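Written below as structure tokens is the structure these notes are about.
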Amino acid sequence: MPVTKVERERLYEQVWSRPMSHLAQLYGVSGQKLKDICERANIPTPTSGHWSRVAAGKAVHQPKLPKSSPESIWVTIAPTVHRKKKPAPSCHEEGPSTTTHPAADLDAVVSTKTTKSRRDDDLVVPAKLGRAHRIIAGWLAEHKQREEEAKQHHWINFPPTPFSPMDRRRHRILDTFLKAIENVGGKALEEERRSLAVELEGEKIPFQLREKQKQIRRPLTDTEKRWHRPGDKEWRQELQPTGKLIFEVKRYLPSGFKTQWLETDESPMEELLSEIFKTLRQVAPILAQQTRERLEQKRLADIAAHERYLVEQARKRDDNQWQRFLEIADTWQHYEHARNFLEALKQVDITPDCKVGEKALAEWICWVERRIQAGNPLNQGLEAIFSDIEKITSYTYSKKMNHWRD
């Protein structure tokens, strides 16, 4: 691709008409390189999340193009040069033919300069499957292996159903589509039960290409009529293939993007494939941006929830510490009552040598004084009191309550 010179005002209009990654492909550069070129030319570019808001129908802000000197009217864009690797040879082919067709692979990817009217992202489905994509090749190899096993052990294994023309056509379309996805840096994924998905911009997009079925009412067979009872329906409802392929995206896409394509006689799936390919490439950056915004919202929500948790724990600890202080105050009050009661007892005329039990009254008085001295919180000092309060946590009393419940 040659070096392109574009008017600054024209480039500004293009930047605000489509995602940066899509526009960059037209000039043969990366999205970041095109953004750097716009910054050097003093061209404002959309902020993060701009196209997601556009797809959601929300209002967006587009700053005006700043004025520039007459010498800066034109902007030069030099494309990035990539070296192409030679494709590795493969032995997978379809059908009994063993003739190699090198041109078949070229038709299975995005066509490049085959005709002047054909765009770079148009897809061409070959008339015959050449070197198949690894997923399609795996299906063909598995089918062939089952055929061989059925021949060797025909009394155990039933042979697989031969591929129909619709199956082979579906293989060629999928082969073209998956190769085109990988040709632009995406990934083709095979999941359980041969379900397929592609990964673009880090976003997984599951899809399905199948033959559309329709419901029909057929008359009862002779066997079914024998079991027919009065009042039963005179027909059976069942699904019947239509001979038309349908492509379905099995993921929610933003408003304005199609998720289903059904071929018609005028528009076969081979012609719709380019539109499908372009749609997925256009929607992938928007999905990636939505994922980033969703993860950022979740991260901020987690941070806010953690902060609320810390505030709640601090409040619980403060309440528990105050409860402990009140408990110490109650303990001190009990010991003060005991001390006052002891002083009142001392005012009573007693005989110290009089024994109560094994102790004399004087010994009982000393015992009470020792207990008051040891248990009164004030005798422990302020540092000991508040050290005890400092050890209280937000879970102190909840643990005691759970212990009592057990």
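All values derive from a computational prediction rather than experimental measurement. Residues: numbered from 1 along the sequence shown.
Under a 3.5 Å cut-off, the side chain of Asp175 and the backbone N or O of Ala132 do not form any donor-acceptor pair. Judged by distance alone, the side chain of His143 and the main-chain N or O of Thr161 form a donor-acceptor pair under 3.5 Å. A donor-acceptor pair under 3.5 Å is formed between the side chain of Asn340 and the backbone N or O of Glu336. Counting only distance, with no hydrogens or angles, the side chain of Arg170 and the backbone of Leu209 share a donor-acceptor pair below 3.5 Å. A donor-acceptor contact shorter than 3.5 Å is absent between the side chain of Arg236 and the backbone of Thr221.
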Gln25/Arg281 under side chain to side chain contact (heavy atoms under 4.5 Å, CB included): CA gap, chis, key distance, verdict = CA-CA 11 Å; Gln25 295 175 5; Arg281 291 191 65 188; 2.3 Å; yes
Evaluate side chain to side chain contact (heavy atoms under 4.5 Å, CB included) for Asp319 paired with Trp322, printing each intermediate quantity in order.
-> CA-CA 5 Å; Asp319 292 344; Trp322 177 247; 5.7 Å; no
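The list of salt bridge (charged side-chain N to carboxylate O under 4.0 Å, His left out) pairs with a residue in residues 365-381, not counting sequence neighbours, reads Lys346-Glu369. Residue pairs satisfying the ring pair (Phe, Tyr, Trp, His ring centres under 6.0 Å) criterion with at least one member in residues 367-386, sequence neighbours excluded, are listed as follows: Trp364-Trp367. Under the salt bridge (charged side-chain N to carboxylate O under 4.0 Å, His left out) criterion, the residue pairs touching residues 13-30 are Arg10-Glu13, with sequence neighbours excluded. For the salt bridge (charged side-chain N to carboxylate O under 4.0 Å, His left out) condition, the pairs that include at least one residue of residues 376-393, sequence neighbours left out, are Arg317-Glu390, Arg324-Asp388.
Contacts of Tyr252 classified as side-chain contact (heavy atoms from CB on, under 4.5 Å), with partners at least two apart in sequence or in another chain: none. Remark: Arg299 engages Glu296 in a side chain to side chain donor-acceptor pair (under 3.5 Å) (not counting sequence neighbours). By the salt bridge (charged side-chain N to carboxylate O under 4.0 Å, His left out) test, Glu201 pairs with no residue at all, sequence neighbours left out. Partners of Asp232 by salt bridge (charged side-chain N to carboxylate O under 4.0 Å, His left out), not counting sequence neighbours, listed by chain and number: Arg229. By the salt bridge (charged side-chain N to carboxylate O under 4.0 Å, His left out) test, Lys212 is found to be paired with no residue, residues two or more places apart in sequence or in another chain being considered. With sequence neighbours excluded, the residues that form a side-chain contact (heavy atoms from CB on, under 4.5 Å) with Pro241 are Glu211, Gln213.
Note on Glu270 versus Arg169: salt bridge recorded, some NZ/NE/NH1/NH2 to OD/OE distance being below 4.0 Å. Look at Arg315 and Glu312 and you find a salt bridge, because one of the NZ, NE, NH1 or NH2 atoms lies within 4.0 Å of a carboxylate O, short of that distance. Between Arg226 and Asp222 no salt bridge is recorded (no basic side-chain N to carboxylate O distance below 4.0 Å). With respect to the salt-bridge test (charged N to carboxylate O, under 4.0 angstrom), the residues Lys278 and Glu275 do not qualify. Classification of Asp302 and Lys298 as a salt-bridged pair holds, one side-chain N sitting under 4.0 Å from a carboxylate O.
Annotation: the span from Trp332 atom CH2 to Gln380 atom CD amounts to 14.5 Å, rounded to 0.5 Å. A distance of 5.5 Å separates CD of Glu190 from CD1 of Ile135, quoted to the nearest 0.5 Å. Atoms OH and NZ, on Tyr27 and Lys33 in that order, are 13.5 Å from each other to the nearest 0.5 Å. A distance of 8.0 Å separates CG of Leu11 from CD1 of Ile37, quoted to the nearest 0.5 Å.
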Hey, can you pull the donor-acceptor pairs under 3.5 Å for the side chains in residues 192-200, sequence neighbours left out?
{"from": "Arg194", "atom 1": "NH2", "to": "Glu142", "atom 2": "OE1", "distance (Å)": "3.0"}
{"from": "Ser195", "atom 1": "OG", "to": "Glu192", "atom 2": "O", "distance (Å)": "2.8"}

Residues 243-250 side chain polar contacts: donor-acceptor under 3.5 Å, at least two apart:
{"from": "Lys244", "atom 1": "NZ", "to": "Asp265", "atom 2": "OD1", "distance (Å)": "2.2"}
{"from": "Glu248", "atom 1": "OE1", "to": "Arg210", "atom 2": "NE", "distance (Å)": "3.2"}
{"from": "Glu248", "atom 1": "OE1", "to": "Arg210", "atom 2": "NH2", "distance (Å)": "3.2"}
{"from": "Glu248", "atom 1": "OE1", "to": "Lys250", "atom 2": "NZ", "distance (Å)": "3.4"}
{"from": "Glu248", "atom 1": "OE2", "to": "Gln260", "atom 2": "NE2", "distance (Å)": "2.9"}

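In this structure, a donor-acceptor pair under 3.5 Å is absent between the side chains of Glu148 and Gln152.
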